[in-house]
Protein chains: 2
Amino acid sequence: MEHIGARDRRVDDVEVRQMRYFIAVAEEKHFGRAAQRLHMAQPPLSQQIKALEEQLGTQLLVRTTRKVDLTAAGELLLARARLLLAEIEKLEQDVKLVGQGASGVLRVGVSGTATYRLMPIIVQAAREHMPGLRLSVQGEMLTPEMEIALEEQRVDVAVLRPPIRSNQLSLKFLEKDELVVALPEDHELASRGLLDLADLADEPFIAYPMSSAVNAISTEACRRAGFSPQIVQETQETSTLLSFVAAGMGVALVPTARRMFALQGIVFRQLRNAPAVDLAVAWKTDNETALLKKFLDLFETPATTEGNQA
Amino acid sequence: MEHIGARDRRVDDVEVRQMRYFIAVAEEKHFGRAAQRLHMAQPPLSQQIKALEEQLGTQLLVRTTRKVDLTAAGELLLARARLLLAEIEKLEQDVKLVGQGASGVLRVGVSGTATYRLMPIIVQAAREHMPGLRLSVQGEMLTPEMEIALEEQRVDVAVLRPPIRSNQLSLKFLEKDELVVALPEDHELASRGLLDLADLADEPFIAYPMSSAVNAISTEACRRAGFSPQIVQETQETSTLLSFVAAGMGVALVPTARRMFALQGIVFRQLRNAPAVDLAVAWKTDNETALLKKFLDLFETPATTEGNQA
DNA sequence: TTGATTCAGAGGAAAAAAGTATCAGTCACC
DNA sequence: GGTGACTGATACTTTTTTCCTCTGAATCAA
């Protein structure tokens, strides 16, 4: 005899068409209207639904001549079938796109805070517009690291904070992020809405490493505000940095994080005349891959505020 | 005339049957054998594949009379169609279960170690407080995987290790697990009761993948202890990981496992100032099913140690 | 060149789906 | 309580789709 793989069944398969039919009926709660919506007559629709119920061995609808209702199983099927159809449509699109030649792998480096805020957006956009593209993301990097990685072609694109030293790289400005103050929630300054940098003159600071752009800007801003920050702890990872703040070890200046970590024990407060750091996307100028170009195009759409990017 | 909703298309729909056919051909790389496997003749199979290609407007296969190969689009379709079919089968099962009187089905994703320790407790609690609920559990997953699965609603709840990037998800803190050292029982350090991380500086490490939270925390902790772990083997499954340790290939850091594997050949040792990883339950914020709410309530009862969760 | 192998096409048979006509149950309303 | 309007199911026919058999064209090995 012959072994029949479970994958190769035939007859009693639920088909996409049946799911569409079921969704229509479930949504309209009315065979007639559903049939109309599907541009078909009512009897074959009834038949298909009945067949579906038989295939699943389960009653999906409670029919009276007066109205149609969903059983629990029907509700489940409705919810999941909708998702499934959406997935199938997405798959169709993706296959078409890949058929038209969008595919490959890009290695992306991302700087500290952008890892959590911007990167998911980028990944999402890439998924949408460049399906088949694999992104290999390395987060929580510092600008100098990324410069070297770009030059050595260990990454293809980097989301970093200018300025950069290298002249082999190209930059595209993305946005300007104001720095905000991260405070332990029980800190006395936490009760105030808007702070001056000078208010922090005597506070212990948790800071990014010296080589980071955020640190450079922060230190410079403090100097102008008339004090030199007392750094008690230095750390590269934003998540770690914020844990230190939560633990009450000090305060920190971090780039605006609109919907950042709902981190317990931390509050964010705005600064008057807040210093700001730029965010830009960088790539090696002589890298002229079609894939890279298309990826960079993803950054075009949002109103690319042409700010200064030094 | 009449507006046709995008959901209600007809003719050019990709059907489940076609996907099955395509998978067979793609796997066999041979129309004849695929047809045999599908219990049909070869010509109709060719026709269906051709029709599929036309519907997608994309070439999926490169045929010579000598062999069949996949295009990039074909590879994509193969991978995704497999997943899709698996989901459809799962859906069928779930609908049947609910039809037979289960009050509902929740799909749960669970991260590595929690699979063995916490999951049985959860399942037990669910059985007790929500009889009729069927849990469909997928274990040994990584946080990024689960995030995507939650967003795409392929799972309803996930037990994962923060941090998460997505902002569509909600989190509820569960517990903090200290990392312990897993050692081969004949290891020289096994004779000591409490270890320092620095003791492991020269040991070969078996580690979870880079994208896992445990790996991130471990690596960071080692860095602080003044060394960079030498990773000789990477693996996703805790059971596999521990087998490597048992085989004497190296040591590993794993989350506390009170009643973990009584795996022969392994001993666990505590660490001084042990790093810890959080465990949380996550769900898609806009999923407001009654079933999900009730399930989440199960996590309320234990004295929810309010720790900070970076 | 010949034979074996493999995929595609043509035309007819079988199966599935859709259409038409009709029936039977329920409810609103007089 | 009877009547008519409305709704979904059934019976049967027509149309469409899928599948099968037979055959042909292309490729490769000997």
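Chain identifiers are assigned alphabetically (A, B, ...) following the order of the sequence lines, protein sequences preceding nucleic acid strands; residue numbering begins at 1 within each chain.
Following rounding to the nearest Å, A:Tyr21 (OH) and D:dG8 (P) show an atom-to-atom distance of 17 Å. Distance, A:Leu45 CG to D:dT7 C1': 13 Å, rounded to whole Å. Rounded to whole Å, atom P of D:dC6 lies 14 Å from atom CD of A:Gln36. At whole-Å resolution of the value, CD in A:Glu54 and C1' in D:dA9 are 13 Å apart. When rounded to the nearest whole Å, the span between CD of B:Gln18 and C1' of D:dT18 equals 11 Å. In this entry the distance linking CG of A:Leu52 with P of C:dA16 reads 16 Å, nearest Å. Between the CD atom of B:Glu15 and the C1' atom of C:dA16 there is a distance of 12 Å, given to the nearest Å. Look at CD on B:Gln55: it is 12 Å from C1' on D:dT17, rounded to the nearest Å.
Electrostatic pairing of A:Arg37 and A:Glu27 counts as a salt bridge here, judged by a charged N lying under 4.0 Å from a carboxylate O. Under the 4.0 Å criterion applied to side-chain N and carboxylate O atoms, B:Arg80 and A:Asp94 are assigned as salt-bridge partners. A salt bridge between A:Glu15 and A:Arg17 is absent, with no side-chain N of the basic residue lying under 4.0 Å from a carboxylate O of the acidic one.
Residues satisfying the side-chain hydrogen bond (donor to acceptor under 3.5 Å, both in side chains) criterion with A:Thr64, sequence neighbours excluded, are absent altogether. Not a single salt bridge (Lys or Arg N to Asp or Glu O under 4.0 Å) links B:Glu75 to another residue, sequence neighbours left out.
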At under 4.0 Å between heavy atoms, which parts of nucleotides 7-14 of chain C does protein reach? Answer with one letter per nucleotide, 5' to 3': B base, S sugar-phosphate only, - none. BBB-----
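Between the side chain of B:Asn287 and the backbone N or O of B:Thr289, at least one donor-acceptor pair lies under 3.5 Å.
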